[in-house]
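Inspection log for the structure reproduced underneath, given as structure tokens.
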There are 2 protein chains.
Amino acid sequence: MPSVTRRASRDADHREAVARQVTDAVERLLAEGSTYTSLGVQRIAAEAGIARSTFYLYFPDKVALLLRTTEIATEELFAAAEAWAREGFEDLAALERTVAELVAQQRAHAPLLAALTEVAGYEPEVAAFWRARVGRFVEVLRRRLAAGQKAGTVDRALDPTVTAAWMAWGAERLIAQHVAGDGGRGDARLARGLATAIWATLGRT
Amino acid sequence: MPSVTRRASRDADHREAVARQVTDAVERLLAEGSTYTSLGVQRIAAEAGIARSTFYLYFPDKVALLLRTTEIATEELFAAAEAWAREGFEDLAALERTVAELVAQQRAHAPLLAALTEVAGYEPEVAAFWRARVGRFVEVLRRRLAAGQKAGTVDRALDPTVTAAWMAWGAERLIAQHVAGDGGRGDARLARGLATAIWATLGRT
DNA sequence: TGATCCGTCGGACAGGGTGTCCGACGTGGT
DNA sequence: ACCACGTCGGACACCCTGTCCGACGGATCA
């Protein structure tokens with residue numbers, strides 16, 4: 001391996017490591033209870049152990065940083081959501097299991113996901129990202145509902161588009177509110193209750 | 001009526017009128033598509049036709065202004081929501097009617113309600129207000145679900161607390177998303193679809 | 001070893017925001 | 001004709017953003 005290549009890869013590793021320091025710093029600060037909005041670049045840079053000016057060598061602004069920081073949390077959350085759409089229609093037990101996993105993911109990444117919805121409230125770029133990401137899941141769920149109707153396992157009276165969006169946004173908000181105010185004891189009851197309600201909606205009593 | 005009293009009441013009227021000018025200005029600016037966060041006091045004062053310093057004679061800060069501006073919208077929205085809980089359990093037609101009214105209210109006040117949830121994302125005071133207000137409705141709905149279970153008109157397997165919160169938050173988000181992206185043509189279908197889904201959840205097929 | 005390269009630092013800068021304060025102004029009440 | 005009071009507009013201290021630049025220092029190469 002030529003030395004220039006070796007250097008290039010080492011530099012890339014270094015950039016990666018520093019960027020990681022910054023995203024970790026954000027995660028810590030959010031976990032401590034700060035609002036993403038209230039975090040200045042100065043505060044984030046200090047927590048990450050870099051100069052404020054250096055921050056701008058890594059991220060164009062706080063929005064880009066947020067999207068980068070929440071990447072993994074978003075992926076894992078929607079992996080759990082899609083597992084619900086895939087495996088949660090078998091029986092009530094399977095639904096409860098997948099919903100419990102959804103709750104677990106949302107709890108694990110609560111501060112990051114809260115920051116995402118927080119900033120989505122006033123930053124068009126973040127809003128577009130979040131709407132699109134949730135929308136993609138809603139579409140998966142819609143298809144699953146429509147397929148279930150065809151197969152006779154889902155109430156044919158339901159409007160799949162509206163129902164899918166209602167279920168998804170309701171679950172997201174419900175769980176977000178729950179994890180913000182409950183230490184974890186109520187998770188099982190929440191998962192059970194939500195699974196029961198979803199199951200009832202499908203019309204498969 | 002003594003002249004001091006007359007003066008006091010006229011002054012109060014004047015304060016009221018100016019405050020109204022300001023809240024109207026905010027409403028206009030939001031309707032034009034601005035984010036509440038991006039509106040500076042300068043911009044609001046200019047639109048209201050007063051000096052920036054005068055703004056602070058009327059409102060301590062933007063948060064107080066927002067809560068004041070959205071008062072009526074909030075009241076009307078929850079009046080519609082409570083009508084759903086009160087009258088929407090009779091039959092599917094009644095449910096569809098009350099849900100349609102909910103959609104209409106949310107559309108009528110869309111910019112203000114969006115501003116409220118926007119700021120609730122990062123301002124503790126607004127977050128507390130909004131959570132409490134929605135929570136109050138969730139409690140009303142929960143009671144209605146529990147009563148329905150006792151009367152045998154609602155599926156007894158449902159967890160009233162979880163189900164009420166899921167329904168309420170889901171409806172709020174669903175309708176907010178909808179009105180933000182649809183000019184009004186889809187309102188009837190949305191109301192019908194949501195009512196059907198809620199009805200199915202209650203288990204009264 | 002010494003010259004060089006390159007990333008980081010820290011500070012300065014312009015531009016914009018907040019909330020407070022105060023003197024100047026004018027209008028309505030006496 | 002006078003005074004009181006609300007409004008104006010500008011100055012203030014402070015905070016934040018994003019950009020720029022000279023200074024520093026560690027790794028790299030001759």
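Below, chains carry the letters A, B, ... as their sequence lines are ordered, and counting in each starts from 1.
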Atom [atom1] of [X] to atom [atom2] of [N]: distance rounded to whole Å?
X      : N       : atom1 : atom2 : value
F55(A) : dC16(D) : CZ    : C1'   : 13 Å
D61(A) : dT19(D) : CG    : C1'   : 13 Å
L66(A) : dT17(D) : CG    : P     : 14 Å

- Test item: E47(B) and L39(B) side chains (from C-beta on) under 4.5 Å apart, heavy atoms: no

Considering non-hydrogen atoms only, spot the tightest contact between [X] and [Y] and give its length.
X       : Y       : answer
A171(B) : L194(B) : CB-CD2, 4.1 Å
A19(A)  : R68(A)  : CB-NH1, 3.7 Å
T201(B) : A197(A) : CG2-O, 3.7 Å

- Given protein heavy atoms under 4.0 Å, the one-letter contact record of nucleotides 7-14 of chain D, with B base, S sugar-phosphate only and - none, is simply SBBBB---

- Query: Tell me, which of residues 20-45 of chain B have any heavy atom that sits under 4.0 Å from an atom in DNA chain C?
  - Reply: G40(B), V41(B)

Carboxylate-amine/guanidinium proximity below 4.0 Å for [X] and [Y]:
X       : Y       : answer
D24(A)  : R20(A)  : yes
E139(A) : R142(A) : yes
E172(B) : R131(B) : no

- Message: Quick check on ring pair (Phe, Tyr, Trp, His ring centres under 6.0 Å): which of F89(A), F137(A), F78(A) does W84(A) satisfy it with?
- Response: F137(A)

- If only side-chain N and O atoms of Y56(B) are considered, is one of them under 4.0 Å from the OP1 or OP2 phosphate oxygen of dG19(C)? yes

